[in-house]
Amino acid sequence: MSKDQELRKSAYEEIEKHQSLVESDPYRLHYHIMPPVGLLNDPNGFIQFQGTYHLFYQWMPYKTDHGAKLWGHYSSEDLVHWTHEEIALTPSEWFEKNGCYSGSAIEHDGKLYAFYTGNVKDENGNRESYQCLAVSEDGIHFDKKGPVAHLPDGYTAHFRDPKVWKQNGRWFMVIGAQTEDKKGAVALFTSENLMDWTHAGILAGAGQEPLGEFGYMFECPDLFDLDGRDVLVFSPQGLEADGMNYQNVYQAGYVTGTFDSEEGTYEHGAFTELDHGFDFYAPQTTLDEKGRRLLFGWMSVPDQNEQDHPTIAHKWLHNMTLPRELTWQDGQMHQQPVQELEALRQGDAVDHQVSLNKESRTLDGVHGKAVELMMSDIDVAEGWMSVAIGGNARILYSRGQQVLTLERQSYVDGTVEKRQVEVPQLDSLRIYVDTSSIEVFANDGACVMTARFYPSVQDTSIRFSSSAAASFYLHKWNLAKVF
Ligand code: FRU
């Protein structure tokens, strides 16, 4: 049996062996992408190819920890219902033996081209990285072409996560990098034929204006046009917490500016975090056939108490965010759950016109483990208003401080922890609860907060409170279980 066949066989055996344990977990999600067993991290190769959406993912099927990753694969016609496909890539060759790491997909001549990083470590732990290509006719079976881009001078071997696109008749690739003086950077490559790639310099980086001191490594870069501006998304490592910003172990965010495809240069502004919650990293976007810029993020952060998640007892770990549509409105990025997700709604909405006055209450028909809450026309005249989910997570808006807070009971030690973001005025909140995950979209997605949380299994409560007069209109839907 070849190494590839062996790795596939043992991954499928792991699924089968642990299926009932995995599925019996009350914290298993109902409508978010999860691994069938083991650990999932970054979204990879997100593309709509010949009409079908494909989302590949970093997958360690043999344990709930990181290691020599495979590319797992889900496909979907509607971004709501997903089919777990055959394994796309296993780390079976010398140039990827310690992991088929993150990368992207493009369509060319009717074929799907997947670019990814071959991670290699020798006996002494020294790292090598190769940017590799694998080509597929059907989006399912891949033909590996091996390394196509090599490590240029000036960088360490922390060089990974190629994202490829075409512009003005040329191919471009951005790669997450670390320079030899240990600064995070995004490297640019160009190609005429997708096989031969030339290094074209550093596109953006720590130690370069305007970022200045900005960490020791950038992962998962993604450069794209959003309504006329060039957005560069990346995940920097090594930033110090700064007030409400950069509270997680590592960050994920973006800068905007102008990419000169002739010169291979990028003028850009300051960094903004994409998500202000606890669990969001390594997002990747694609442009779909409707012309929408869609994003999936990994709902976790590397090295952030990963081994303390209770789902480990059920042999699985981590999930994706919901698919989000990106738009640029009123000078800022908005992220909203894709419209297709309305298909999850079961039956009619429960509606309430709610006025709170220094009280804490539940509302008829408003409870559940897998729900969507749409709160609009929010008016918090003074003081604060909050929504508590399952007695464990709480969204709180303080009118006086103009701050939106997401709190949860830590799954490590039960203490209450929080993440915060300035929101001068809160008009709407769209909240997706899915047993052990919460995604909060404030003000039509101008501000997003994402987290895993672990309420007690019986607790389906949703409780609304205020310190003074507050009112809003509420729609609530139960959401279907599609996983
Ligand atoms: C980000 C990351 C990538 C790497 C992959 C390995 O979470 O560290 O840089 O390609 O995960 O699984």
Side-chain angles (χ1 to χ4, degrees), residues 7 11 33 35 38-46 55-73 87-91 95-105 114-121 127-134 147 149 151 155-164 173-178 184-187 215-222 232-239 248-253 274-275 278-285 295-307 309 317-321 450 452:
L7 288 164
I33 287 176
L39 174 147
L40 166 153
N41 57 302
D42 314 354
N44 292 159
F46 185 24
L55 184 73
F56 303 87
Y57 66 93
Q58 287 289 285
W59 188 24
M60 172 39 66
Y62 317 115
K63 56 180 180 177
T64 46
D65 203 350
H66 294 275
K69 302 283 166 55
L70 288 67
W71 271 37
H73 185 189
I87 293 164
L89 302 171
T90 67
F95 49 79
E96 58 189 9
K97 74 177 178 62
N98 299 95
C100 297
Y101 272 12
S102 286
S104 57
F115 294 88
Y116 63 99
T117 299
N119 183 46
V120 174
K121 278 184 192 161
R127 187 187 290 265
E128 290 165 23
S129 56
Y130 301 92
Q131 312 316 315
C132 305
L133 169 64
L151 182 65
Y155 301 96
T156 75
H158 285 287
F159 199 72
R160 52 179 172 262
D161 313 333
K163 179 80 170 33
V164 175
M173 177 191 280
V174 277
I175 298 182
Q178 178 179 64
V186 175
Y216 56 80
M217 173 67 192
F218 290 179
E219 295 188 318
C220 300
D222 188 354
L232 176 66
V233 166
F234 59 99
S235 295
Q237 302 192 327
L239 305 188
N248 292 330
V249 171
Y250 306 124
Q251 279 60 52
L274 270 165
D275 193 290
F278 295 88
D279 297 295
F280 183 87
Y281 194 72
Q284 184 176 89
T285 73
L295 173 146
F296 269 107
W298 174 35
M299 202 185 287
S300 186
V301 177
D303 305 327
Q304 189 169 282
N305 302 315
E306 292 187 67
Q307 293 304 314
H309 283 273
L317 185 58
H318 304 319
N319 58 284
M320 295 298 171
T321 64
T450 298
R452 295 302 297 283

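Both counts, for ligands and for their atoms, begin at 1 and track the order of listing. The chain is numbered in sequence order, starting from 1. Quick caveat, the model's predicted, so the values are computed rather than measured.
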Q: Check the angle between the aromatic planes of Trp298 and Tyr281 and answer parallel, tilted or perpendicular using the 30° and 60° thresholds.
A: perpendicular
Q | Plane angle bin for His73 and Phe56 - parallel if under 30°, tilted between 30 and 60°, otherwise perpendicular | A | parallel
Q) Cut-off 3.5 Å, side chains only: do Glu306 and His318 have a donor facing an acceptor? A) yes
Q.
Could you work out, with ring pair (Phe, Tyr, Trp, His ring centres under 6.0 Å) as the rule, every residue matching Tyr130, not counting sequence neighbours?
A. Trp94
Q. Taking 4.0 angstrom as the limit, do Asp222 and Lys163 come out as a salt bridge?
A. yes
Q | Gap separating the OG atom of Ser102 from the CH2 atom of Trp71, nearest 0.5 angstrom | A | 7.5 Å
Short N or O contacts of ligand 1 with protein, under 3.5 Å, listed by atom name?
residue	atom	partner	partner atom	Å
ligand 1	7 (O)	Asp42	OD1	2.8
ligand 1	7 (O)	Asp42	OD2	3.3
ligand 1	8 (O)	Glu219	OE1	3.4
ligand 1	8 (O)	Glu219	OE2	3.0
ligand 1	9 (O)	Arg160	NE	2.9
ligand 1	9 (O)	Asp161	OD1	3.4
ligand 1	9 (O)	Asp161	OD2	2.7
ligand 1	9 (O)	Glu219	OE2	3.0
ligand 1	10 (O)	Ser102	N	3.1
ligand 1	10 (O)	Asp161	OD1	2.5
ligand 1	11 (O)	Asn41	ND2	3.2
ligand 1	11 (O)	Asp42	OD2	3.1
ligand 1	12 (O)	Asn41	ND2	3.0
ligand 1	12 (O)	Gln58	OE1	2.7
ligand 1	12 (O)	Lys69	NZ	2.9

